[in-house]
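All remarks here apply to the structure that follows.
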2 protein chains.
Amino acid sequence: MTERKRVTILDVSRATGLALSTVSNALAGKNHVSEETRATVLEAATRLGYRASTVARALRMQRSFTIGVLVADVANPSSPDFVRGVEDVAIREKCTLLLSNTDGDEERQLLHMRTLLDRQVDGMVLISQHVSSPAVRALLDASTPFVLIQRRNPLFPDDYVGSDNVIGVSEAINHLHALKHRRIGFVRGPSDSSTAGERLETFLAEAKRLRLKVDDELVFKGDYGFETGVAAGRHFLRLRRPPTAIMGSSDINALGVMEAALESGLSIPGQLSVVGLDDIALASFRAINLTTIHLQKRAMGAAAADLLIERIRQPDRTPQELIFPTRLVVRGSTAAPALPEAPRLRA
Amino acid sequence: MTERKRVTILDVSRATGLALSTVSNALAGKNHVSEETRATVLEAATRLGYRASTVARALRMQRSFTIGVLVADVANPSSPDFVRGVEDVAIREKCTLLLSNTDGDEERQLLHMRTLLDRQVDGMVLISQHVSSPAVRALLDASTPFVLIQRRNPLFPDDYVGSDNVIGVSEAINHLHALKHRRIGFVRGPSDSSTAGERLETFLAEAKRLRLKVDDELVFKGDYGFETGVAAGRHFLRLRRPPTAIMGSSDINALGVMEAALESGLSIPGQLSVVGLDDIALASFRAINLTTIHLQKRAMGAAAADLLIERIRQPDRTPQELIFPTRLVVRGSTAAPALPEAPRLRA
DNA sequence: TGCCATACCAGAAACGTTTTTGGAAAATCG
DNA sequence: CGATTTTCCAAAAACGTTTCTGGTATGGCA
């Protein structure tokens, strides 16, 4: 409404009768500016309501104090946790977050990456994004610092924050094995996700060690979404010899499996055990009560942001990888199977 | 790594031998630039990998192509839905989103608002934020366009997008009444939320119409969070005459109530009916199966963003308010009470 | 009293755009 | 063929900072 013009540093300069540069120095707390001068400047600045233009500063300093964050799906409750971690250090570093959804789609990811680069973000955090294709690599090599979370390509020595998939998954399978489950279904995450791959490998290796047979039909390929969980659940339950337990690639995945089980009239954990992965807040609610593998999402987000800050400060630092431990949280969605061998059930 | 310098419009100018302004015009598709010249420019631009600096443009045009979004809590699954709606139109308008969490805390909100203003966002969308305090109003009056979602102060004629709280809430209470519930607990959202206030008023009015007695102990005050739901549930269930049904101020709220009920060993809906508000994706999962009031969150977000764009284009347009209808979605968390009068239960 | 170092301040350049203004060449019209 | 319009292009200003370079008092010291 009130057609106010922006009050600039020049106004402060004029108001105080001091030079532009002096005002700038005084405000930045730099160099040798007498306390008296500084006080004068500060007083005038607040009196006039002066606020420095971040965009002018960004142009001059070639630094935008902005961090870009790419996330596959904010709707998945685990995403905000990671973002929160990034936000924690962003605030500490006086940076702002530019957050974008890619829906796991590479085109969208490329689009958003270009936008971030155009905006001259100081760096970016890529959470479960595509990291291998030539197009993506080209953008990553654009000399803007970046850190990867939960998905990488070992061929490229990037800064990376991930979770220890071996511990969590093997704990989970051993838990199920101890409960006397002998047929376990596994939902595999996105095919180009390093994390999803590691988890499957661990699962297969551990199954072998435990002398569990894992035929192909016991591995369902999809993504981290609910629909994949539902589809996987339906698939598994329709098998001639359905598994007595199913491990999801995410909690949301596991909820999808539950959905399929419930729609078939199966009770959990009575007739089917389900284990998730993420440990979203929901998982601990009694209405859900999901046995799952806990990930330190917020800490991982913060660690990634810290790594990013380091790299921004020191672009030639050798890349680091940080692997966070995981642990199984046993809740109510797992129990001993009803029979040594699961009964045949049809949807 | 590769210490590349940014390729600027000047480089394109030099490469083509054309003037800066000509290149700019050609790229912007402006004025009268011959097709041939334009082709030359475009070719050179892509060949050199030129990308315009958004920050330089922002400084010059006094327009950042950025929209700030303030949200109370991204972790609440209803937030991303609103944001998604805003994002939809932001992409259409070639704007980027600057998203911040305020945790419902006014100080944090002020901090983030100032940051957004410093960054010269073209406008902002405030979802369930504080809108009345002098400090907030001062910032809102800073002549940067804004739109409110779900919380406003009728004293100020702001652009506003809300939901029809009358329909939804009265549908819900009538549903419960029809099921023969006579004592209904109500969880009230944040005390300074207009939406929460309207809902309570509707609840009380409709209860009166139905000749239901609503003593003070049947209204619990809190926020939209899970903990409030748990506290409310415990409070209600500890009453001498506990309600047979409880309405939450959000789905997460309702989940909290469920939590409290389950921890007391009550079954839902057998011994307690629960209704939520939001209709988050989770609510429809069989494991939850929550009767709730549906809100068109994404559409509301998009509508707010549209309003914002309009106001940016036309700052003096008279403020509009858009109210979206709501409707009750009956699922499995509501049923007839076990007894005409609820049995006495102690936690 | 004169010189030098120090402490502070002023002016100007630079960041990469868009936009305005002006000007030259080409085309049209009288 | 000259004048006027049209079409395009060149130069320069502006956006609001930070920072570099240089300069002027002021104080201390000889």
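Below, chains carry the letters A, B, ... as their sequence lines are ordered, and counting in each starts from 1.
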(request) Report the distance from atom CZ of A/R14 to atom P of D/dG16, rounded to the nearest whole Å. (result) 11 Å
(request) Apply side-chain hydrogen bond (donor to acceptor under 3.5 Å, both in side chains) to A/Q62 and list each qualifying residue two or more places apart in sequence or on a separate chain. (result) none
(request) Could you tell me the separation between the CG atom of A/L20 and the CD1 atom of A/I9, rounded to the nearest 0.5 Å? (result) 5.5 Å
Measure all distances between protein nitrogen or oxygen atoms and nitrogen or oxygen atoms of nucleotides 21-27 of chain D, and list the pairs falling under 3.5 Å.
none

(message) I need the CG-P distance between A/L10 and D/dT17, as an integer number of Å.
(response) 9 Å
(message) Could you work out, with side-chain contact (heavy atoms from CB on, under 4.5 Å) as the rule, every residue matching A/A75, not counting sequence neighbours?
(response) A/D73
(request) Report the residues that fulfil side-chain contact (heavy atoms from CB on, under 4.5 Å) with A/D88, sequence neighbours left out, ordered by chain and then residue number. (result) A/R298
(request) Kindly write out the residues that satisfy side-chain hydrogen bond (donor to acceptor under 3.5 Å, both in side chains) with A/T22, not counting sequence neighbours, or none if the list is empty. (result) none
(request) Please state whether the phosphate of C/dT18, meaning OP1 or OP2, lies under 4.0 angstrom from any side-chain nitrogen or oxygen of B/S24. (result) yes
(message) Whole angstroms only, please: what is the CD1-P distance between B/I9 and C/dT19?
(response) 11 Å
(request) For DNA chain D, determine which residues of residues 56-66 of chain B have any heavy atom closer than 4.0 angstrom to one of its atoms, and list them numerically. (result) B/L59, B/R60, B/Q62
(message) Salt bridge check, A/R84 against B/D103: does any charged N sit closer than 4.0 Å to a carboxylate O?
(response) yes
(request) State which residues pass side-chain hydrogen bond (donor to acceptor under 3.5 Å, both in side chains) with A/D105; sequence neighbours excluded, sorted by chain then number. (result) none
(request) Work out how much the helix from C/dT1-D/dA30 to C/dG30-D/dC1 bends between its end axes, five pairs an end, to the nearest 10 degrees. (result) 60°
(request) Would you please confirm or rule out a distance under 4.0 Å between OP1 or OP2 of D/dC9 and any side-chain N or O of B/T37? (result) yes
(request) Tell me whether the OP1 or OP2 atom of C/dG11 has a side-chain N or O from A/S21 closer than 4.0 Å. (result) no
(message) What residues from residues 39-51 of chain A pass a heavy-atom cutoff of under 4.0 Å to DNA chain C?
(response) none
(request) Identify which one of A/L116, A/I67, A/V69 satisfies the side chain to side chain contact (heavy atoms under 4.5 Å, CB included) criterion when paired with A/V121. (result) A/L116
(request) Please name all residues satisfying salt bridge (charged side-chain N to carboxylate O under 4.0 Å, His left out) with A/R114, sequence neighbours left out, ordered by chain then number. (result) none
(message) By nearest heavy atom, map A/L20 and B/T8 onto DNA chain C; which one lands nearer the 5' end?
(response) A/L20
(request) List for me each residue that meets side-chain hydrogen bond (donor to acceptor under 3.5 Å, both in side chains) alongside A/E43, sequence neighbours excluded, and say none if there are none. (result) A/R47
(message) The criterion is salt bridge (charged side-chain N to carboxylate O under 4.0 Å, His left out); which residues satisfy it with B/E107, sequence neighbours excluded?
(response) none
